[in-house]
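Data first, discussion second: the structure below is written as structure tokens.
So that the names make sense, note that chain A is the first sequence line, chain B the second, and so on, each numbered from 1. The structure displayed is predicted, hence computed values, not measured ones.
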Protein chains: 2
Amino acid sequence: MRSYDEYCAIAKSLDVVGDRWTLLIVRELALRGGCRYTDLRNGLPGIASNLLAERLRELEHAGVIAREDAPPPIATTLFRLTARGEQLRPVLEDLIRWGLPLMTEQKPGDAVRSHWLVWALELMLTDRRPDASPVTVELQAGDEPIVIETRDGTIHTRLGRADSADATLTGPPRPILGLLLGLIQPGDAKANGIDYQGDPAILDRIGAETTPPPS
Amino acid sequence: MRSYDEYCAIAKSLDVVGDRWTLLIVRELALRGGCRYTDLRNGLPGIASNLLAERLRELEHAGVIAREDAPPPIATTLFRLTARGEQLRPVLEDLIRWGLPLMTEQKPGDAVRSHWLVWALELMLTDRRPDASPVTVELQAGDEPIVIETRDGTIHTRLGRADSADATLTGPPRPILGLLLGLIQPGDAKANGIDYQGDPAILDRIGAETTPPPS
DNA sequence: CAGCATCCGCTTTGATACTG
DNA sequence: CAGTATCAAAGCGGATGCTG
């Protein structure tokens with residue numbers, strides 16, 4: 001990107017991460033840890049190969065990411081956030097919070113990756129009964145299953161399957177998010193294509209921290 | 001900007017504010033409140049006129065800003081952040097924090113506006129002796145004077161002049177910032193073109209919250 | 001003067017194909 | 001797997017002109 005040529009901290013930041021695709025590359029590395037070129041490509045549907053290569057070069061030069069030769073049995077290059085790159089997490093978290101109300105619209109062509117939803121769910125959900133015994137919910141909403149767990153009264157989310165889920169939600173991502181956010185009533189869940197297995201009371205316990213305004 | 005077409009809160013946010021210049025327009029409105037087209041133009045040196053008009057249209061359509069007809073004696077249009085736009089402040093604050101270490105380099109062609117520095121100073125400075133009587137420092141560093149004041153143990157900054165400053169710093173922006181951040185020793189201030197009037201002990205009292213790593 | 005719209009050359013991006 | 005190469009299309013920057 002061409003520099004803004006301003007002596008301003010915001011402009012200087014955007015000189016580094018303001019390019020198209022750049023923050024989404026940081027997102028991928030923040031969510032998934034070390035990634036191969038191919039992993040990044042899969043997590044950034046639509047990016048041109050030359051652009052990905054160029055952005056990675058620029059980010060490395062700026063000290064945001066580092067290249068790393070994986071240990072012998074793997075024999076590939078891994079891209080990883082540096083300490084400086086990790087410090088971009090607050091920016092990404094604020095963008096998630098700001099973007100959540102926009103998740104009520106899902107365009108037909110929108111790509112879906114479960115790992116994009118994991119961070120958002122952890123930021124927005126809260127355990128309304130922190131002293132009760134922990135619960136586990138499994139979501140089947142994207143390309144991979146997601147687990148929501150309560151631990152010490154706080155919510156933790158991760159990709160993967162649960163050993164024993166207290167509830168399982170299966171369906172398209174948008175209604176599932178709407179149900180968890182309280183925008184869809186549990187009674188309307190089935191009408192929105194959601195299959196619910198388990199104790200319905202869990203939905204009351206795990207809910208949105210602050211109900212987002214209806215746009 | 002072309003949509004990323006991803007069902008991801010970060011991508012949805014960037015679909016709205018990821019365009020070139022867009023976040024800097026929000027910065028101007030966040031820092032200065034209601035602005036005329038001409039004010040925005042002055043605060044965004046280098047932006048093409050058609051781009052500013054186009055971005056303003058997009059931001060209005062996205063509900064981030066609103067147009068407002070100023071009261072009769074002024075007879076002009078004011079652009080203002082909506083409540084939704086105000087919620088972008090955390091994003092801008094994180095970008096300021098992340099970009100601060102980059103302020104150690106000031107390219108020769110970099111434009112300087114005092115109001116860009118005001119927010120950064122408020123975020124990074126702290127009053128190390130909150131119980132002592134309040135102090136006022138005036139900076140003559142950019143196109144407008146800046147006032148730094150302690151109030152109830154917290155730092156407040158604003159554009160303007162102080163009625164009675166306990167100290168006044170005059171000089172180029174970068175060394176002044178370096179002095180306040182502790183990257184330049186008070187003894188080296190004069191060698192960096194800084195003129196200091198007042199009690200030098202104030203520099204010990206008002207300092208950087210966390211010393212940024214030397215790049 | 002404030003608030004744009006138009007035109008044009010240049011740069012960046014997107015889509016695809018190809019390579020060590 | 002991890003990129004380069006190529007080229008058309010879109011976006012941007014700078015200048016200028018128009019309208020209330």
Side-chain angles (χ1 to χ4, degrees), chain A residues 1-6 11 14-25 28-29 32 34-62 65-80 109-111, chain B residues 1-6 11 14-25 28-29 32-61 65-80 109-111:
Chain A
M1 171 178 280
R2 207 174 138 169
S3 168
Y4 286 110
D5 294 332
E6 294 185 359
L14 293 178
D15 279 349
V16 178
V17 298
D19 260 318
R20 185 158 167 83
W21 293 110
T22 302
L23 270 180
L24 294 187
I25 293 174
E28 286 302 305
L29 295 172
R32 310 198 74 123
C35 283
R36 295 171 301 170
Y37 190 89
T38 313
D39 300 329
L40 288 170
R41 201 188 243 221
N42 181 265
L44 300 163
I47 194 173
S49 181
N50 57 346
L51 275 191
L52 177 54
E54 187 181 327
R55 294 287 183 269
L56 288 172
R57 235 178 291 135
E58 292 164 348
L59 283 172
E60 187 182 8
H61 181 253
I65 68 171
R67 245 164 249 261
E68 174 186 310
D69 290 333
I74 308 183
T76 183
T77 318
L78 285 183
F79 298 91
R80 196 177 289 281
D110 278 358
Chain B
M1 169 178 278
R2 210 176 131 171
S3 168
Y4 286 109
D5 294 332
E6 295 184 358
L14 293 177
D15 279 348
V16 177
V17 298
D19 260 317
R20 185 159 167 83
W21 294 110
T22 302
L23 270 179
L24 293 187
I25 293 174
E28 285 303 305
L29 295 173
R32 309 194 74 114
C35 282
R36 295 172 303 171
Y37 189 88
T38 315
D39 300 329
L40 288 170
R41 204 180 214 202
N42 181 267
L44 301 163
I47 194 173
S49 181
N50 55 348
L51 276 191
L52 177 53
E54 188 180 326
R55 295 287 183 268
L56 288 172
R57 235 177 294 132
E58 293 164 347
L59 283 172
E60 188 182 8
H61 181 253
I65 69 172
R67 248 163 247 261
E68 175 185 310
D69 290 332
I74 309 184
T76 183
T77 319
L78 286 183
F79 298 90
R80 196 177 288 282
D110 277 358

All heavy atoms of L78(B) vs all of G34(B), minimum pair found to be CD2-C, 4.3 Å
In whole angstroms, the gap separating P of dT11(C) from OH of Y4(A) amounts to 18 Å
Is there a side-chain contact between W21(A) and L52(A) in this structure, where contact means two heavy atoms from C-beta onward sitting under 4.5 Å apart?
no
Within the pair R55(A) and dT12(C), is there a side-chain N or O less than 4.0 Å away from OP1 or OP2?
no
Hey, is the side chain of T77(A) poking within less than 4.0 Å of OP1 or OP2 on dC1(D), counting only N and O atoms?
no
Exercise. Checking R20(B) side chain against R2(A) main chain: does a donor-acceptor pair fall under 3.5 Å?
Worked result: yes
Considering just the side-chain nitrogens and oxygens of W21(B), establish if one lies under 4.0 Å of OP1 or OP2 belonging to dG13(D). yes
Only residue of L44(B), N50(B), D19(B) satisfying side chain to side chain contact (heavy atoms under 4.5 Å, CB included) with R55(B) is D19(B)
Here the distance between atom C1' of dG3(D) and atom CD1 of I25(A), to the nearest Å, is 14 Å
Looking only at dG3(C), dG14(D), dG14(C), the nucleotide nearest the R20(A) side chain is dG14(C)
5'-most contact on DNA chain C (nearest-nucleotide basis), R36(B) vs N50(B), goes to R36(B)
Among dG14(C), dC4(C), dG3(C), the one nearest any side-chain atom of R2(B) is dG14(C)
When rounded to whole Å, the CG to C1' distance for the pair L52(A) and dT16(C) reads 16 Å
Rounded to 10°, the helix from dC1(C)-dG20(D) to dG20(C)-dC1(D) deviates from straight, judged by its five-pair end axes, by 30°
Under a 4.0 Å heavy-atom cutoff, the residues of residues 37-49 of chain B touching DNA chain D are G46(B), A48(B)
- Task: Could you give me the CA-CA distance, side-chain angles and deciding distance for E6(A) and L24(B), then say whether side chain to side chain contact (heavy atoms under 4.5 Å, CB included) is met?
- Result: CA-CA 10 Å; E6(A) 294 185 359; L24(B) 293 187; 4.1 Å; yes
Here the distance between atom P of dC4(C) and atom CG of L51(B), to the nearest Å, is 14 Å
For the side chain of R67(B) and the backbone of E60(B), is there at least one donor-acceptor N/O pair under 3.5 Å apart? no
TODO: Could you please spell out the steps behind the side chain to side chain contact (heavy atoms under 4.5 Å, CB included) verdict for L40(B) and L29(B)?
DONE: CA-CA 8 Å; L40(B) 288 170; L29(B) 295 173; 3.9 Å; yes
Among the nucleotides dC12(D), dA15(C), dT13(C), whichever has the atom closest to the side chain of D19(B) is dC12(D)
To the nearest angstrom, the CD-C1' distance between E68(A) and dC1(D) comes to 17 Å
Residues passing the salt bridge (charged side-chain N to carboxylate O under 4.0 Å, His left out) test with R36(B), sequence neighbours excluded, are D39(B)
Rounded to whole Å, the CZ-P distance (F79(A) to dC1(D)) equals 13 Å
(Q) Students often mix this up, so state it plainly: with edges at 30° and 60°, are the rings of Y37(A) and F79(A) parallel, tilted or perpendicular? (A) tilted
Rounded to whole Å, the CD-P distance (E54(A) to dT11(C)) equals 14 Å
note: E58(A), atom CD; dT11(C), atom C1'; distance rounded to Å ~ 13 Å
### Message
Taking 4.0 Å as the cut-off, does a side-chain nitrogen or oxygen of R57(B) come that near to OP1 or OP2 on dA5(C)?
### Response
yes
- request: For salt bridge (Lys or Arg N to Asp or Glu O under 4.0 Å), just list the numbers for E54(B) and R57(B), CA-CA rounded to whole Å, side-chain angles, deciding distance to a tenth of an Å, and then say yes or no.
  value: CA-CA 5 Å; E54(B) 188 180 326; R57(B) 235 177 294 132; 5.8 Å; no
